[in-house]
Amino acid sequence: MNISTVVEVKRPTSLNELSGWQDGYSWLAGGTWLFAEPQTAVDTLIDLESLGWAPLTATESGIEIAATCRIVDLHGFEGPPAWRAVPLFRQCIDSFLMSFKIWNAATIGGNVCMSLPAGAMISLTAALEGVCTLWPRDGAPRTVTVAEFVTGNHANVLAKGELLRSIHLPAAALAKRTAMRQVSLTRYGRSAALIIATVGDDGADFLLTITAATPRPVQLRFATLPSADDLRRAIDARLAPDAYFPDVHGSAPYKRHVTQYLAEQIRTELA
């Protein structure tokens, strides 16, 4: 879609080239949402592609995912054998409701910043204990976990003009065993629930991440693999029946049921 209100596209090679932030500005990465519907309040696009950020940077401490990293780049990442969680990248990406055009244009940062309950990259990066680096327009960079970054349906902690620079996935999380379950009401529908758990080889540090069924990621951590009863009680204690996100993709009671059902499947698999 053409955005008829846009009068300027800035392509900075450094953010130092931008002075301040004005109403009508919008960051542009993949643009798959930005160009999908009218943006009547936008008159200036700031193209992040010109900054030349490396999509993926792997080190001993983990992997740094640039906000401009495209879905297709992450899908093709292999990683060292010790990073047993890497296949989860493709599992989450394959749960996306998207065409091949979106696959090759959409960015990881865009999906996270949209902050929708069914954002599959939110599910992935939250489950792998991702930490966002944010660049305010005025002030020092700050960090926040992905689970804390998203605050609700289409809501997050970004201040006006603030930019998501990257997401760091720590090597310790990448080394854990993983299990994932996803369910939709229709074959090609948006996720009604996307549940992921990670655990160490010794059964320690079990982390359950609930997404899509809730407005924002919900995480439950256990020192060791919990029993079925302990896990069910912990989910119910954390999430009241009205804490689930009702929409056309599933009622709150339905999402509560499938969350408990899928969480137990995951627990059994990892046990």
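As a basis for the values below, the full set of heavy atoms in this structure was taken, side chains included, without hydrogen atoms, waters or symmetry mates. Residue numbers start at 1 and run along the sequence shown.
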Quiz prompt | Qualifying ring pair (Phe, Tyr, Trp, His ring centres under 6.0 Å) pairs, either residue in residues 250-271, two or more places apart | solution = none

Quiz prompt | Any pair counted as ring pair (Phe, Tyr, Trp, His ring centres under 6.0 Å), so long as it reaches residues 122-153, sequence neighbours left out | solution = Trp53-Trp135

Donor-acceptor pair, [X] side chain versus [Y] backbone, under 3.5 Å?
{"X": "Gln39", "Y": "Phe35", "value": "no"}
{"X": "Arg177", "Y": "Leu270", "value": "yes"}
{"X": "Arg90", "Y": "Gly76", "value": "no"}
{"X": "Glu269", "Y": "Ile266", "value": "no"}
{"X": "Arg267", "Y": "Pro226", "value": "yes"}
{"X": "Ser191", "Y": "Gln182", "value": "no"}

Quiz item: Does a donor on one side chain sit under 3.5 Å from an acceptor on the other, for Thr268 and Glu264?
Solution: yes

Quiz item: Side chains of Ser227 and Asp230: donor-acceptor distance under 3.5 Å anywhere?
Solution: yes

Practice problem: For Trp27, check ring pair (Phe, Tyr, Trp, His ring centres under 6.0 Å) against everything at least two apart and list the hits. | Solution: Trp21

Taking NZ, NE, NH1 and NH2 as the nitrogens, is one of them in [X] or [Y] under 4.0 Å from a carboxylate oxygen of the other?
{"X": "Arg190", "Y": "Asp247", "answer": "no"}
{"X": "Arg233", "Y": "Asp236", "answer": "no"}
{"X": "Glu162", "Y": "Arg142", "answer": "yes"}

Exercise. Dump the intermediate steps for side-chain contact (heavy atoms from CB on, under 4.5 Å) on Leu45 and Glu8, then the final yes or no.
Key: CA-CA 7 Å; Leu45 298 175; Glu8 184 179 7; over 6 Å; no

Check the hydrophobic clustering (I, L, V, M, F, W, Y; side-chain heavy atoms under 4.5 Å; chains of links allowed) and say if [X] and [Y] are grouped together.
{"X": "Val183", "Y": "Phe96", "value": "no"}
{"X": "Met180", "Y": "Leu74", "value": "yes"}
{"X": "Val146", "Y": "Leu128", "value": "yes"}

For residues 60-69, please give each side-chain donor-acceptor pair under 3.5 Å, one per line with the distance, not counting sequence neighbours.
unit_1	atom_1	unit_2	atom_2	d
Ser61	OG	Thr59	OG1	2.9
Glu64	OE2	Ser166	OG	2.6

Quiz prompt | Greater than 12 external heavy atoms within 6.0 Å of Arg70's CZ | solution = yes

Quiz item: Would one find more than 12 heavy atoms of other residues, nucleotides or ligands at under 6.0 Å from atom CG of Asp202?
Solution: yes

Practice problem: Apply side-chain hydrogen bond (donor to acceptor under 3.5 Å, both in side chains) to the pair Thr145 and Glu148, showing each step before the final yes or no. | Solution: CA-CA 5 Å; Thr145 66; Glu148 294 172 332; 3.2 Å; yes

Quiz item: side-chain hydrogen bond (donor to acceptor under 3.5 Å, both in side chains) between Gln91 and Ser95: does it pass, once the steps are laid out?
Solution: CA-CA 7 Å; Gln91 287 179 272; Ser95 74; over 6 Å; no

Self-check item: side-chain contact (heavy atoms from CB on, under 4.5 Å) between Leu158 and Leu134, intermediate numbers included
Solution: CA-CA 8 Å; Leu158 285 174; Leu134 309 181; 4.0 Å; yes

Quiz item: Passes salt bridge (Lys or Arg N to Asp or Glu O under 4.0 Å), Arg232 versus Asp229? Steps please.
Solution: CA-CA 5 Å; Arg232 184 178 62 255; Asp229 287 342; 2.7 Å; yes

Exercise. Sequence neighbours left out, what passes side chain to side chain contact (heavy atoms under 4.5 Å, CB included) with His154? Give chain and number order.
Key: Met114, Leu116

Mind listing the side-chain donor-acceptor pairs of residues 216-223 below 3.5 Å, one per line with the distance, residues two or more places apart or on another chain?
unit_1	atom_1	unit_2	atom_2	d
Arg216	NE	Val150	O	3.2
Arg216	NH2	Ala147	O	2.8
Arg216	NH2	Val150	O	3.4
Gln219	NE2	Ala126	O	2.8
Gln219	NE2	Thr209	OG1	3.0
Arg221	NH1	Asp205	OD1	2.6
Arg221	NH1	Asp205	OD2	3.2
Arg221	NH2	Glu129	OE1	3.4

